[in-house]
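Some notes on the structure that comes next.
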Amino acid sequence: MYQEKYHQIERMLRACTGEEDVLLTTGGDHADLASTIAFRLAKKEKRPPQKIAADIAEKLAGNPDLGDIQVESAGPYVNFHFGPTLLAEAVREAVEPGYGSFPRRSSRVVLEHTSANPNGPLHVGHIRNTVIGDSLARAFRKAGYPLEVQYYLNDMGRQIAIVSWGFDHLEIPRREGEKEDHYVARVYIAANREIEKNPEITQEIDLLMQKVERGDPDTVKKFRKAVSLCLEGIRATLAALNVSHDRFVWESDFVRIGDVDRVIERVRRLPQAVEDETLWVDLSEFGFEKRYILRRSDGTSVYSTRDLAYHTWKGRNYDRMIDVLGADHKLIGAQLQVTLKLLGEKPPEIVFFEFVSLPEGSMSTRAGKFVSADELIEEVAGKAFEEVTTRRPDLPEEERCSIARSVAIAAIRYDIVKVSPEKSTVFDWKEALDFERQSGPYIQYAHARACSILEKAGEFEPAYHYETGHEIALARHLARFPAVIEQVVVELRPHLLAAYARDLADLFNAFYHYDPVLKSEGEIRNSRLTLVDAVRNTLKESLETLGIDALRSM
RNA sequence: GGGUCUGUGGCUUAGCCAGGAUAGAGCGCCGGGCUUCUAACCCGGAUGUCGGGGGUUCGAAUCCCUCCAGGCCCGCCA
């Protein structure tokens, strides 16, 4: 309804003003939609914008196509208000299961996220990638796109060689109950310490990398074993965060099937290619001073080479490629995009996010300086369990535990997704453990509250009559939900949905405190119950799109 | 040094790309509200040179220039 009306008003304003861009935006507190076109016309027509706005409003008001939309000028602004019929329509739409979902679209999208090196557990920096990526993935599915989510598994990098070397040369037994990825990290950290002590080990590592590149069966097997072990742990963490990937793409496969050789051959034929002892691409004409090296002097490929092969493959199999990458990949990502274009291949769209650091400095798997995602989940779930136990001692322990788990994931995911990706952040335990107002649990609570009212109400006859300020504000906000989903996938900014859901919970809480539902009667009661149901459904759809469980009770 | 992102009340943050209606929130602080649909809640109050300076514009947190501060990148690592 909202988007339809937006476009309708846009067309009417175009016809009325003759302008292409009619500056139509959400009107905030003032209106459902508002235009500032009068300012622009004031310059052209040399008339005060107030007069122009008044003229436009008057002209449009006479148009029967406007239907239930009231138009008025407020100073230089042209404001549009949805009338009762449209608000009723918005609520009617919002109670439908799957509200905000779009019809199936044809373009196939591949989204890559997380793709952390399998040399240790995911830490609080990695999961910023995970949460942004998974929220985007869910928004894309909701927006109707056929989507495949991939994890690109760096299974032949230096880090993995170090892990493999560690397993072969250091006697480090796995501890009782130790998670696979944490065990691998211990081996990796220990191996790095050995290398620091004996720098000549580096040559052994180089040899391992050459062997794996040639496809030496024994070395390949050892690498795979180490990677698979670590991946088991990583997947468990992802699952705990409500995240799943459709496909794990092994980097070494591109070497094995010859794609890396093929892409090297194509790069060599580029006018920008330079071959000395290495092969590199000169991208200085595009503003990159840095050499884009694709083959080492010992003949082995580098990460960038395999990445080029990977994206060539993706580009040919999907209509759109989206990568979620840390800001440290900005340079290499831009070089990848340019080189793919030179090769006549499709470049990926890249969503960058800035770094998460610890109060004491940046994180490092190698130095063992990180807060793992598992540790974070455990701590937050523990706090949530205490909280649930205080509030709901009536519930059996098993249920309290399951609620605590959901609440913990909500707190963690929401905390991450609510912040714009371009902001670098410092991990803060106090904030992570906060379940108050700008948090995931706060939104879950509003949902549970709506469920509780509906449960107590039992059967009712839907009605759509709204009069109070709280009712109207809620209905207006509900109407915007599909437009928010659309905006998230167009701008690739999932935090917009986080803000939307929080605003909806805010409005619902205010409504809850002022407008009694169960104690009202007749049509008012039915209308309010219908509104509560619409809020419940829209909160549920919002939360699920954010990968957060919509709890019915908490 | 070059590139890039960020700088908004004590702290965290929205708004910035597509300039317009009194710069929204949360935490913390002060005060009020549970015999009333779950108080993980609600209401009121104090707190802001939107990093500094210049410019463009009828109008700048938003665009441009410049300076300052911080993160990240500038490997034959990934």
Side-chain angles (χ1 to χ4, degrees), chain A residues 21 23 25 27-31 34 36 38-40 42-43 48-49 74-77 79 115-117 119 154 156-160 206 251 277-280 287-291 293-304 306-307 326-332 334 352-355 357 362 384 387-388 390-392 407 411 418-426 428 430-431 434-446 448-457 491 493 495-496 498-499 502-503 505-506 509-510 512-520 528-529 532 553-554:
Chain A
D21 183 2
L23 306 171
T25 59
D29 294 336
H30 310 281
T36 55
F39 286 110
R40 181 167 300 177
K43 196 175 288 181
Y77 303 91
N79 289 342
S115 301
N117 282 330
N119 59 346
N154 301 156
M156 56 183 300
R158 177 157 234 108
Q159 285 91 332
I160 306 312
D206 289 344
E251 187 180 11
E277 60 280 10
T278 64
L279 169 67
W280 56 282
F288 299 100
E289 286 172 36
K290 208 62 222 160
R291 294 179 175 192
I293 291 175
L294 295 175
R295 197 185 59 215
R296 295 190 184 97
S297 52
D298 67 4
T300 57
S301 61
V302 291
Y303 162 85
S304 304
R306 277 106 61 178
D307 210 21
D328 54 337
H329 284 66
K330 274 194 179 177
L331 175 60
I332 203 96
F352 289 108
F353 64 92
E354 293 290 328
F355 261 50
S357 56
S362 52
E387 203 78 16
V388 180
T390 318
R391 290 163 198 284
R392 304 294 303 275
V407 165
K418 76 178 177 192
V419 182
S420 320
E422 62 269 16
K423 219 122 181 170
S424 48
T425 62
V426 177
D428 180 350
K430 190 172 153 275
E431 248 165 69
D434 181 14
F435 304 146
E436 282 180 33
R437 210 170 150 190
Q438 281 188 355
S439 74
Y442 168 79
I443 302 167
Q444 285 180 307
Y445 188 72
R449 198 175 235 179
C451 289
S452 165
I453 294 173
L454 291 165
E455 198 174 309
K456 289 207 167 79
E491 300 183 19
R493 290 164 75 77
H495 83 280
L496 298 171
R502 197 209 56 223
D503 288 342
D506 280 347
N509 281 329
Y512 171 90
H513 280 273
Y514 286 100
D515 297 347
V517 179
L518 297 176
K519 292 199 175 74
S520 56
R528 288 186 180 165
L529 279 168
V532 171
S553 159
M554 62 188 278

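All of these numbers come straight from a predicted model, not from anything done at the bench.
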| query | To the nearest angstrom, how far is A:L23 atom CG from B:rG19 atom P? | reply | 8 Å

| request: Take atom NZ of A:K330 and atom P of B:rC5, then tell me their distance rounded to the nearest Å. | output: 5 Å

| request: Hunt down the Watson-Crick or G-U wobble partner of B:rC77, both distances under 3.5 Å, from any strand shown, or write none. | output: none

| field | Gap in Å between the two P atoms, one belonging to B:rG32 and one to B:rG70, rounded | value | 44 Å

| Taking only N and O in the side chain of A:R296, is any of them less than 4.0 Å away from OP1 or OP2 of B:rC77? | yes

| note | B/S/- along nucleotides 55-67 of chain B (protein heavy atoms under 4.0 Å) is ---B---------

| query | Mapping A:E491 and A:T278 onto RNA chain B by nearest heavy atom, which one lands closer to the 5' end? | reply | A:E491

| task | Just call it for A:V302: base, sugar-phosphate, or nothing, with non-hydrogen atoms closer than 4.0 Å on any strand. | result | sugar-phosphate

| Should A:Y442 be listed as having a side-chain N or O under 4.0 Å from OP1 or OP2 of B:rA25? | no

| message | Does A:A42 reach a base, just sugar-phosphate, or nothing at all? Heavy atoms under 4.0 Å. | response | nothing

| field | Short N-O contact, A:K330 and A:E354, less than 4.0 angstrom | value | yes

| query | Going by an N to O cut-off under 4.0 Å, is there a salt bridge joining A:R392 and A:E387? | reply | no

| query | Between B:rG59 and B:rC42, how far is it from one C1' atom to the other, in whole Å? | reply | 38 Å

| task | Select base, sugar-phosphate, or nothing to describe what A:D515 touches, counting heavy atoms under 4.0 Å on all strands. | result | base

| message | Using a 4.0 Å heavy-atom cut-off, does A:V388 contact any base of the nucleic acid, only the sugar-phosphate backbone, or nothing at all? | response | base

Are any protein N/O atoms closer than 3.5 Å to N/O atoms in nucleotides 72-74 of chain B? If there are, list each pair with its distance.
none

| message | Both distances below 3.5 Å, Watson-Crick or wobble geometry, any strand: find the nucleotide opposite B:rG44. | response | B:rC30

| task | Have a look at A:E277 and say if it touches a base, only the backbone sugar-phosphate, or nothing, with a 4.0 Å heavy-atom cut-off. | result | base

| query | Would you say B:rA78 has OP1 or OP2 under 4.0 Å from some side-chain N or O of A:R306? | reply | yes

| request: Look at the side-chain N and O atoms of A:S420 and state whether any lies under 4.0 Å from the OP1 or OP2 oxygen of B:rG15. | output: yes

| note | 5' to 3', nucleotides 26-32 of chain B under a 4.0 Å protein heavy-atom cut-off (B base, S sugar-phosphate only, - none) gives SS-----

| message | Just to be sure I understand the rule, does A:A448 reach a base, reach only the sugar-phosphate, or reach nothing, if contact means heavy atoms closer than 4.0 Å? | response | base

| Taking the nucleotide of RNA chain B with the closest heavy atom to each, which residue, A:M156 or A:G27, is nearer the 5' end? | A:G27

| said: Under a 3.5 Å cut-off for both contacts, is B:rU4 paired Watson-Crick or G-U wobble with anything, and if yes, with which nucleotide? | reply: B:rG71

| Okay, side chain of A:K418, backbone of A:Q438: is any donor-acceptor separation there less than 3.5 Å? | yes

| message | Suppose you measure atom C1' in B:rA61 against the same atom in B:rU49; what distance do you get, rounded to whole Å? | response | 12 Å

| Can a donor-acceptor pair under 3.5 Å be found between the side-chain atoms of A:N79 and the base atoms of B:rA21? | yes

| query | On a whole-Å scale, what distance lies between the C1' atoms belonging to B:rG33 and B:rC72? | reply | 48 Å

| field | B:rG71 versus B:rU66 - spacing of their P atoms, nearest Å | value | 22 Å

| note | In whole angstroms, the gap separating P of B:rG75 from CD1 of A:I293 amounts to 9 Å

| query | Between A:K423 and B:rA14, does any side-chain N or O lie under 4.0 Å from OP1 or OP2? | reply | yes

| query | Is A:Y514 touching bases, backbone alone, or none of the nucleic acid, heavy atoms closer than 4.0 Å? | reply | sugar-phosphate

| said: From the set B:rC76, B:rG15, B:rC41, return the single nucleotide nearest to any side-chain atom of A:R493. | reply: B:rG15

| query | Using purine N1 to pyrimidine N3 plus N6-O4 or O6-N4 for Watson-Crick, or N1-O2 and O6-N3 for G-U wobble, each under 3.5 Å, what pairs with B:rU49? | reply | none

| query | Between atom CD in A:E289 and atom P in B:rG1, what is the gap in whole Å? | reply | 15 Å

| task | Using a 4.0 Å heavy-atom cut-off across all strands, classify A:G157 as base, sugar-phosphate, or nothing. | result | sugar-phosphate

